[in-house]
Amino acid sequence: IRQFGIFKTLVQPVKFQPERIPRSINYMQAYLASKGYNHAEITPSYAIDTIKDEYRTSVKMQVDLQLKTIIDSVFFNLSDPGLQQIAISNIDKSYLTKGAAYSNEIINNELDRLVELFRNNGYYYFTKEKIFAEIDTLDQSLMQITLDPLQQMDQAIEANQTNLVNPKWKVSIQLRNGNPTSNKVYPIGKQQFYSDLNLNDNPDSIITQSMPNIESYKSIEHLYRKYKFKTKLFEEQSFIKIGEPYNEGKFYKTLNIFSSLGAWQQIDARSTMKNDSVYLHYLLVPSLRRSISADIEGSKNSAQLGGGNLLGLSTSLTYRDKNVGKKSVPSITSLRTGVELNLNNSKDQLAQTLLWNVGHTYSFPNILIPFFPHQHALNYTTRSNFLLNGSSINRLDYYQLKSFTTSWGYEWKNSTNSSEKTFVYKPFNIEMYQLDKYTKLDNLLALNPFLRSSFNDGNVMSQTFTFIHAAPSKKYNNQHNFIKIGIEEAGAITNLIPSLNNNIYTYIKAELELRKSIKLSYSEWAFRFMGGYGNNYSKDKRLGGALPFFKQFTAGGPYSMRAWGLRQLGLGSSNFYDTSAKSQNFDRFGDVQLEANIEYRFNLFQWGSYKLGSAIFADMGNIWNARDSDADPKAGFQLDRLYKDLAIGVGTGLRFDFNYFIVRIDYALKMKDPTRTINNGWLDLRKIQWTEVKPNTMRVNNYAWQFGIGLPF
């Protein structure tokens, strides 16, 4: 293991045993043969050195791979006409192709593929023992008959040399002699769903016993003790119909669908044969249907309006139901209330902000489209999501913001091994806001007009699309890739209807995030790039010009540019915020964002199952307006000004890994601050200033401590 990122410590070294070398060579040759190297030669050697009071052995294996064996031709010689036809019609998906390298691995994969293919076409009793691959390594020249012993010897030597120089083998897939039942197509007789079993029920006994209640609906039978689920649910979520040939792929897909619904804590299945038909039995143990949870949260923030430090306290109550309407529809209802208290500003009252929020969501296990029947996506788990949310934020003496949001959307998710692909489309997303301004806010806006766009109460009617794909690299086993693409469009449809375009934002917004991780023996490299662009193309003087602030991009904080506080970086190289607002830390929002991050992560030491890790990182990026303005000419994105506008931070930190979650503390230094007026924004390392005084007399740190839960990316 590695300690403190540098020192290697050998824990419980293995004793060297020379007699194990031949066995290791056999294993290595078998492995190489599975990859196509059937003539590999391995020569071992070892040496023993004395280091202090230890005997250390170095073992060397000299490996001569020779040439790979090539597949000369592939034949399907299946004696059953039905199986032969299925194999030939799906030959384009075969692992065996002429000219490819031969290996035991692809032979095994091909046999598995054929067995799965046949079982998905009704051959219920077909197994891998019924099929085999015959490999022909015989050189055709040896088949020429000659009585001359010397000529026979020359033929053998020449054939062996040809095989070493250009080894080619022929592969023939054949059936073993079996009974007629394995080569017969069986239809589906019944699908039986046992919906409310107990954990202690024996599955093999349940399918032989009768249940108190049985309901039949189309292709299924619903068996239960208590009526906890509607019978129609099981027909909707099944991929299989009575009378169609047995399909093992659809059988497992149906099981996965019910596992993903969440209404059952345990899923099991059995298949039996009756009257030459396959009976499928689904054994379902329900989860606890309802639950209630409560949470208390606390936060400490600097006041953006007024002054002083704020202590935030909030409590939330969440109610979950996993089986709404007895159709396995999960719902979540949440209620949250909170207050912000002013700790050290005697000029204002103690309570600064009051808030409440109530939300309700449904997640239907289908793609619900009016006037269209439900259709399953064969390779995806599908859902339709509905959300309602209402909130009120009362910033005493400044403003009260009331909001109501609702959305309807669809989700497709596909998970295979360690790869996951998700599509989310929301055709309807409605956000309505009502803002009541009070005297103190009007006075503040008169002194700081750039804040006005943050306090507009326009509404949003938009549609969104999100694509997420996370998967290991196809070429390198130690690498993992992640991509996220998001697009939101608002106002295009409502602008076509005059009665709907009043007080509606009009914009388009796009986001892209790329991640890559490279795991090494004792450490890991992690990279991220993210970019975003938004364009408010409305001609409305009040709602045009920029995205609504709650849709804009921000930078800074524990998951972004870590040398800056939350929402405290930007815009570009503009010092507008540092000169026009005396003694205020206003949040910064932009329509454009570029950011790149790199981390080198390593372990410091391990104590039992707990790990203490560290990282060295660098962050680079900023946010901008989509264009320059007269009031703030250096806040717009300009390609020729990109180098000057980029902020750069470097740092290190500690990561406490408790297996279930990671607690992270990072320290970052502002190496390049676009608003720094000296040295082209770069920090002078010969004379580091830990704090700077801005033109508005604000003293700001050139460093930041960040606390986070989980990795930053």
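Not measured: the values here are computed from a predicted model.
- Looking only at atom types and distance, the side chain of N701 has no donor-acceptor partner in the side chain of T691 under 3.5 Å away.
- The distance from atom CZ of F386 to atom CG of L388, rounded to the nearest 0.5 Å, is 3.5 Å.
- Of the possible polar contacts, none joining the N459 side chain to the I504 backbone as a donor-acceptor pair under 3.5 Å is found.
- Using a 4.5 Å heavy-atom cutoff, the side chains of V663 and D657 are not in contact.
- The shortest distance between side-chain heavy atoms of Y505 and S538 does not fall below 4.5 Å.
- A salt bridge does not link E411 with K426: every distance from a Lys NZ or Arg NE/NH1/NH2 to an Asp or Glu carboxylate oxygen is 4.0 Å or more.
- Looking at Y425 and Q463, their side chains come closer than 4.5 Å, going by heavy atoms from C-beta outward.
- Taking all atoms of both residues into account, the shortest heavy-atom contact from Y559 to P712 is CD2-CA, 3.9 Å.
- Counting heavy atoms from C-beta on, the side chains of W412 and R383 never come closer than 4.5 Å.
- A donor-acceptor pair is defined here as one N or O able to donate and one able to accept, closer than 3.5 Å; no such pair exists between the side chain of S391 and the backbone of W356.
- Checking each of V424, I487, I485, T422 against T466 for a side-chain contact (heavy atoms from CB on, under 4.5 Å) leaves exactly one that passes, namely V424.
- Within a 6.0 Å sphere centred on CG of N679, heavy atoms belonging to other residues, nucleotides or ligands number more than 12.
- For the pair T315 (side chain) and D295 (backbone), a donor-acceptor distance under 3.5 Å is present.
- Of the N and O atoms on the side chains of E488 and Y507, at least one donor lies less than 3.5 Å from an acceptor on the other residue.
- Ion pairing between a basic and an acidic side chain is recognised when a charged N comes within 4.0 Å of a carboxylate O; E340 and R395 show no such pairing.
- Side-chain contact of S363 with N385: a donor-acceptor pair under 3.5 Å is present, judged by distance alone.
- A distance of 7.5 Å separates CG of N597 from CE of M561, quoted to the nearest 0.5 Å.
- Geometric assessment of K672 against the ring of Y643 yields a positive cation-pi assignment under the 6.0 Å and 45° thresholds.
- The heavy-atom pair separating E524 from S517 by the smallest distance is OE2-CB, 3.2 Å.
- Side chains of K611 and N603: no donor on one and acceptor on the other come within 3.5 Å.
- Heavy-atom neighbours of I493 CD1 from other residues, nucleotides or ligands within 6.0 Å: at or below the threshold of 12.
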task = List the steps, then state whether salt bridge (charged side-chain N to carboxylate O under 4.0 Å, His left out) holds for E599 with R528.
result = CA-CA 9 Å; E599 277 199 358; R528 177 177 66 171; over 6 Å; no
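- Using modelled atom types, no side-chain atom of Q552 and backbone atom of N625 make a donor-acceptor pair closer than 3.5 Å.
- Within a 6.0 Å radius of CD1 in I296, other residues, nucleotides and ligands contribute 12 heavy atoms or fewer.
- Taking the six-membered ring for Trp and thresholds of 30 and 60 degrees, W408 and Y410 have ring planes more than 60 degrees apart, a perpendicular arrangement.
- A distance of 6.5 Å separates CG of N622 from CG of D645, quoted to the nearest 0.5 Å.
- Under a 3.5 Å cut-off, the side chain of R641 and the backbone N or O of G636 do form a donor-acceptor pair.
- Side-chain atoms of I665 and F656, non-hydrogen and from C-beta on, do get closer than 4.5 Å to each other.
- Taking the six-membered ring for Trp and the full ring otherwise, F602 and Y600 have centroids separated by under 6.0 Å.
- Between the side chain of D673 and the main chain of T675, a donor-acceptor pair closer than 3.5 Å is present.
- Note: Y703 and W690 have perpendicular aromatic rings, judged against thresholds of 30 and 60 degrees for the angle between ring planes.
- Geometrically, K509 engages F553 in a cation-pi contact, judged by NZ or CZ lying under 6.0 Å from the ring centre and within 45° of the ring axis.
- Checking side-chain atoms of T406 against main-chain N and O of L387 turns up a donor-acceptor pair under 3.5 Å.
- Interatomic distance, F550 CZ to E431 CD, rounded to the nearest 0.5 Å: 6.0 Å.
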task = Apply the test salt bridge (charged side-chain N to carboxylate O under 4.0 Å, His left out) to residues K670 and E692: give CA-CA distance (whole Å), side-chain angles for both, the deciding distance (0.1 Å), then the verdict.
result = CA-CA 11 Å; K670 297 177 183 177; E692 292 182 11; over 6 Å; no
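- In the displayed structure, Y610 atom OH is contacted under 6.0 Å by at most 12 heavy atoms of other residues, nucleotides or ligands.
- No side-chain heavy atom of S407 sits under 4.5 Å from any side-chain heavy atom of F428.
- Ion pairing between a basic and an acidic side chain is recognised when a charged N comes within 4.0 Å of a carboxylate O; D666 and R664 show such pairing.
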inquiry  = If you apply the rule side-chain hydrogen bond (donor to acceptor under 3.5 Å, both in side chains), what do you find for R627 with N535, and how did you get there?
reply    = CA-CA 10 Å; R627 59 190 69 85; N535 183 21; 3.1 Å; yes
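- Residues A294 and L317 share a closest heavy-atom pair of CB-CD1, 4.2 Å.
- Around atom CG of N659, more than 12 heavy atoms belonging to other residues, nucleotides or ligands sit under 6.0 Å away.
- Both tests pass for R601 against the ring of F713: distance under 6.0 Å to the centre and angle within 45° of the axis.
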ask   = Could you go step by step and tell me if S462 and E489 meet the side-chain hydrogen bond (donor to acceptor under 3.5 Å, both in side chains) rule?
value = CA-CA 5 Å; S462 67; E489 179 280 320; over 6 Å; no
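- Between N702 and I688 the shortest side-chain heavy-atom distance does not fall below 4.5 Å.
- The closest side-chain heavy-atom distance from E513 to F482 is below 4.5 Å.
- Checking T333 against H360 by side-chain atom types alone, a donor-acceptor pair falls below 3.5 Å.
- For an aromatic pair to be called close, the ring centres must be under 6.0 Å apart, and Y399 with Y438 fails this.
- Atom CH2 of residue W525 and atom CD of residue Q479 lie 13.5 Å apart, to the nearest 0.5 angstrom.
- Atom OH in Y398 sits 10.0 Å away from atom OG1 in T353 (nearest 0.5 Å).
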